[in-house]
Protein chains: 2
Amino acid sequence: MHYRPVNWMENPNAERVKRVAQLAGRSAVRHRRKQFLAEGPQSAAEAIRAHLGLLEVSDSTAHFWPPGRTVAEVYYTEHLAISNPELSDLLGDLPPEVFVGKTSDSVLQAMSDAVVHQNIIAVVHLPAAHAVPSPHSQLVGALVRIQDPGNAGTIIRTADAAGADCIITTPQTVDIYNPKTVRSTAGSLFHLPVYTGVDLESYVQDFQGQIFAADGYGDVLLDQTKPTVLGRPTVWLFGNEARGLNDQELSCADHRVAVPLYGLAESLNVSTAATICLYSSAMAQRSGSS
Amino acid sequence: MHYRPVNWMENPNAERVKRVAQLAGRSAVRHRRKQFLAEGPQSAAEAIRAHLGLLEVSDSTAHFWPPGRTVAEVYYTEHLAISNPELSDLLGDLPPEVFVGKTSDSVLQAMSDAVVHQNIIAVVHLPAAHAVPSPHSQLVGALVRIQDPGNAGTIIRTADAAGADCIITTPQTVDIYNPKTVRSTAGSLFHLPVYTGVDLESYVQDFQGQIFAADGYGDVLLDQTKPTVLGRPTVWLFGNEARGLNDQELSCADHRVAVPLYGLAESLNVSTAATICLYSSAMAQRSGSS
């Protein structure tokens, strides 16, 4: 008989495996169990680093992902040591309360939402629901009924890169804890607070700054907007992929701002438009202060 | 017996159906047969509009997609008339040389590369291979060993929106005529010339302007680059997703330019970086001339 570590798991039909896999499914399961999955090395590593207190995040981000109370369980295959030795080493630093289990390929695949698993899955605690976004922020991205998980994740990743203070999402936006969105954030989910189910009207009323609606039909063109204006504290509203922002949502904005289309393209994907809007603000804000 | 139009096709195993489906497969098949697929209403519509001479494109774009010689065959389901009446009407304007066939759902699905077909597929002629990109352009995006079909398509779509004169791709870049890339361009493939298999070194040597390498490790920060500099004629080089640009490719550039990362994100997806770079140049170029 071969030696086997205690946690080595080989049965894809085991109850524990099923319970993890369920977290990749319906939103209701995640919210009832107050857990979700961070799959793949980028997302899992940032969840683990948050748990270990290794991320230099703001206080409000640490409120979402508190050191010592972020990760519940970690599953990985022996290939992780080869594909990602740094992350593999990090697992040894996790305290004993976190269940760390080595599994076979077929077990990790059974847990995974991805077509091909990426050697590691972390089960992460959903953040406490009572956090409220501050009205004093420099740059905020608002996901307003965004439906595509990949778009939501990509905008969160770009907002992180652009140094946004936070993301807010309105009630009818896709569940950002679904595995596709988490993967698309490439770890950025753990870098800034994402406030979900926010009432847009009351938030923008309190916000100390300007509200810009990203709107292909807007009467203000982004390239005609002065850096001094772009440099002010700003919330950008990004609307539903098919229908954009509705009248009520547009009425929350001070200006409807269009990304100029110089060629023949009829429109931009919402995550492409968000990239241009968030970075235009961030670069104006940062270069003004430098 | 019900009345059936002559072209109604119901057998997914028919020889014609197989021949169309093969174009969604290996690059070698497309290049041998000199045809590819434009799937879905956005791509098919722009191919058809190019064929009908309805697109206001540059002479070099018209060289790629000549009126009367762009589309070979069109297949659609009866649902197109409901989902996209404007495009459905356009089919009636196609000359008799273009084979237009109404098919059953199962036939169109058998032809399609997509998980769910979108009611229309056009078989399009590959452009003549002898076109050479001009050294006199204002804005050019270069795909340098980009491997992901979606990234390639998204950059082509953004380049179109940013009003770029053309796209060039180097020999080891993904085949831009594969169905995933074509779909990701959302019709933009037919709006600007995409020169494939271009020798990077000789192209940049001839180019009358500056060469910027998009490079996360670059020593020039995009937000520190003056609009007067960004406003000059520019080729942007975008490198491989995993490995970026190699030393030889970097040596083709006048500057290695990094998109600033203000938050904790370690990197940007190449198509996100390309969006920021191309739009920064385009906005500087256009606002300078207005």
Side-chain angles (χ1 to χ4, degrees), chain A residues 42 45-46 49 55-58 61 138-139 150 153-165 184-188 190-192 216 221-227 259-269 271-280 282-288 290, chain B residues 42 45-46 49-50 55-58 61 138-139 150 153-165 184-188 190-192 221-227 259-269 271-280 282-288 290:
Chain A
Q42 287 179 300
E46 295 312 274
R49 293 177 71 203
L55 293 177
E56 290 179 33
V57 294
S58 68
T61 305
Q138 194 64 24
L139 184 58
T154 304
I155 297 173
I156 292 170
R157 182 180 181 185
T158 305
D160 174 22
D165 300 276
S184 308
T185 72
S188 287
F190 302 99
H191 294 168
L192 78 173
L221 280 170
L222 187 63
D223 62 346
Q224 305 293 318
T225 308
K226 292 197 176 71
V259 174
L261 297 169
Y262 301 118
L264 295 179
E266 279 180 28
S267 65
L268 288 169
N269 176 294
S271 70
T272 303
T275 296
I276 299 165
C277 294
L278 290 170
Y279 254 92
S280 293
M283 294 203 283
Q285 291 175 353
R286 307 277 174 152
S287 66
S290 71
Chain B
Q42 288 179 300
E46 296 312 275
R49 293 177 70 204
L55 293 178
E56 289 179 32
V57 294
S58 67
T61 306
Q138 194 64 23
L139 184 58
T154 303
I155 298 174
I156 292 170
R157 182 179 181 186
T158 305
D160 174 21
D165 300 276
S184 308
T185 72
S188 287
F190 302 99
H191 294 168
L192 77 175
L221 280 170
L222 187 63
D223 62 346
Q224 304 293 317
T225 308
K226 292 196 174 72
V259 174
L261 297 170
Y262 300 119
L264 295 178
E266 278 181 29
S267 65
L268 289 168
N269 176 295
S271 71
T272 302
T275 296
I276 299 165
C277 293
L278 290 170
Y279 255 92
S280 294
M283 295 203 282
Q285 292 175 353
R286 306 279 174 151
S287 67
S290 70

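Chain letters run A, B, ... following the sequence lines, proteins first, then strands; residues in each count from 1.
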**Study point:** Backbone N/O of A:Y279 and side chain of B:Y262: donor-acceptor pair under 3.5 Å
**Key:**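 No; judged by distance alone, with no hydrogens or angles, the pair does not exist.
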
**Study point:** Steps toward side chain to side chain contact (heavy atoms under 4.5 Å, CB included) verdict (A:L192, A:I156)
**Key:** CA-CA 9 Å; A:L192 78 173; A:I156 292 170; 4.1 Å; yes

Check your understanding: With A:D165, which residues qualify under side-chain hydrogen bond (donor to acceptor under 3.5 Å, both in side chains), at least two apart?
Key -> none

**Study point:** Greatest number of heavy atom pairs closer than 4.5 Å to chain B - which of A:S188, A:A162, A:A159
**Key:** A:A162

Study note, to complete from the structure: Ranking A:A282, A:S280, A:G187, A:S271 by heavy-atom pairs under 4.5 Å to chain B gives rank one to A:A282

Point to revise | Spatial distance of atom CZ (B:R286) from atom CG (A:D223) [nearest 0.5 Å] | key: 9.5 Å

Review point. Around atom CD of B:E266, are there more than 12 heavy atoms of other residues, nucleotides or ligands at under 6.0 Å?
Key: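 Check fails, neighbour count at 12 or below.
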
**Study point:** Proximal component of A:T185, with respect to chain B [non-hydrogen, under 4.5 Å]
**Key:** neither

Practice item. Let me know if A:T272 has heavy atoms under 4.5 Å from chain B in its side chain, its backbone, both or neither. Key: both

Review point. Can you tell which of B:G163, B:S267, B:A265 has the highest number of heavy-atom pairs within less than 4.5 Å of chain A?
Key: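 Going by pairs under 4.5 Å, I would pick B:A265.
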
